[in-house]
Amino acid sequence: MINIYSSFRSITDPKSAKKFVEDVKWLDVDNVLLLTKNTKSKVMYYSDIAPYDENAASLYGEVTDYLKSEGIGIHAWLCLFHESLENPSPVVKNNPDIVLVNKNFKSNFDEPTWSDVAPKYSTLWICPSAEIYIDYLKDIIREIATNFKIDGIHFDYVRYPEAVEGRYYCYCKRCLKSFKEKYGFSFPTREVIEIRYFVSVLTDNVTNAVKELSYTSKKFGKQVSAYVFTDYVTAIECCYQDWPYFSRYLDFLIPTLYEVSPEYAGVLVERARAVASKKCKIMPAIYANTVVRRSQKGGLRWSQKRDAEYIISLVKAIYDNGGDGVSLFLYDTLFNPNRPGGFSREKLIKLKKGLNDIES
Ligand SMILES: [Zn+2]
């Protein structure tokens with residue numbers, strides 16, 4: 001089973017929309033994970049409730065119709081809790097207390113997520129405990145499910161941000177209330193046991209969001225999937241994403257295997273298979289570009305190879321260790337050699353052949 005992510009960066013007019021569908025058909029892709037809500041508050045279709053990207057919206061119906069007519073599955077890729085700092089959607093403007101609060105009790109409006117890493121990374125993040133925003137996401141799911149021929153809903157950023165700044169989220173009034181109600185504790189505290197239990201409050205918030213959004217998607221007969229951190233220990237520890245548990249609400253799970261060596265990918269896939277719900281398929285994401293970003297030379301976990309052979313050996317490792325498919329990230333670089341990190345045509349043809357051999 002081959003899935004591919006795509007944004008609308010390469011789908012800019014009717015001609016490129018047609019090329020997109022022909023390209024994914026040529027690669028024998030089974031499902032497209034099509035960007036539908038981005039990290040900047042915008043959806044990619046004409047919405048009555050959410051701000052939308054005008055150009056993408058003018059093509060969304062056409063692209064999904066065309067994919068459907070070719071028998072290719074479509075999963076609407078939603079960046080759940082990310083919002084634009086400069087231009088948040090009306091639901092955020094009207095309810096400013098739904099954003100994260102850091103451990104210094106500063107709202108995300110005052111100290112945005114990642115703002116002390118570099119101002120350009122500054123982003124607004126909604127606390128998954130905010131029912132108002134969950135309802136907003138449910139309305140978005142309802143709009144997509146009723147207006148377009150899609151097969152599923154795909155959750156991205158289904159977590160809290162990584163605590164890279166050394167200040168941990170989230171201390172909003174809902175999170176603190178839940179801490180008090182469930183455990184009887186309150187902040188500030190330096191008591192190690194109290195701090196430890198707070199992790200459960202945050203993972204519960206994320207898990208509840210998955211449960212509710214999954215329920216809404218299923219009500220419309222849609223499959224549900226999520227993009228998650230590579231290994232579950234890191235996922236829970238670093239961003240309160242308890243996917244071993246919430247996989248029970250999903251049809252498939254996409255843990256990232258970016259830059260991972262085929263040997264180590266086997267270990268990660270085997271572990272994912274062992275802890276995820278048995279009815280949830282595992283279809284890891286693979287970098288389909290030439291970018292070397294975090295991998296360290298000599299580290300057993302990593303590979304710095306970025307050719308077709310690397311991807312093919314990763315795919316084999318995934319299948320050999322209990323995986324059900326692969327998810328290529330992403331169309332924009334795989335089919336556009338001129339983009340930064342773009343894959344050459346020659347590599348792409350080699351990759352197609354290798355994938356066909358494995359899948360047949
Ligand atoms: Zn919170």
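Whatever order the structure lists ligands and atoms in, that order sets their numbers, starting from 1. These values consider heavy atoms only, across backbone and side chains, with no hydrogens, waters or symmetry-generated copies.
The cationic group of R159 does not satisfy the cation-pi geometry with Y157, failing either the under 6.0 Å distance to the six-membered ring centre or the 45° limit from the ring axis.
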Less than 3.5 Å apart, which donor and acceptor atoms pair up between the side chains of residues 31-38 and the rest of the protein, not counting sequence neighbours?
from	atom 1	to	atom 2	distance (Å)
N31	OD1	H75	NE2	3.4
N31	ND2	N3	OD1	3.0
T36	OG1	L34	O	2.8
T36	OG1	Y60	OH	2.7
K37	NZ	C79	O	2.8
K37	NZ	L80	O	3.1
K37	NZ	H82	O	3.4
K37	NZ	Y133	OH	3.1
N38	OD1	K40	N	2.8
N38	OD1	S41	N	3.3
N38	OD1	K42	N	2.9

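Scanning for side-chain contact (heavy atoms from CB on, under 4.5 Å) contacts around V291 gives N289, R293, with sequence neighbours left out.
Within a 6.0 Å radius of NZ in K353, no more than 12 heavy atoms belonging to other residues, nucleotides or ligands are found.
Evaluation of the ring pair (Phe, Tyr, Trp, His ring centres under 6.0 Å) test over residues 277-303, restricted to residues two or more places apart or in two chains, returns Y258-Y287.
Using a 4.0 Å cut-off between charged nitrogen and carboxylate oxygen, R306 and E259 count as a salt-bridge pair.
Protein N/O/S atoms closer to the Zn ion (ligand 1) than 2.8 Å number 4 in this structure.
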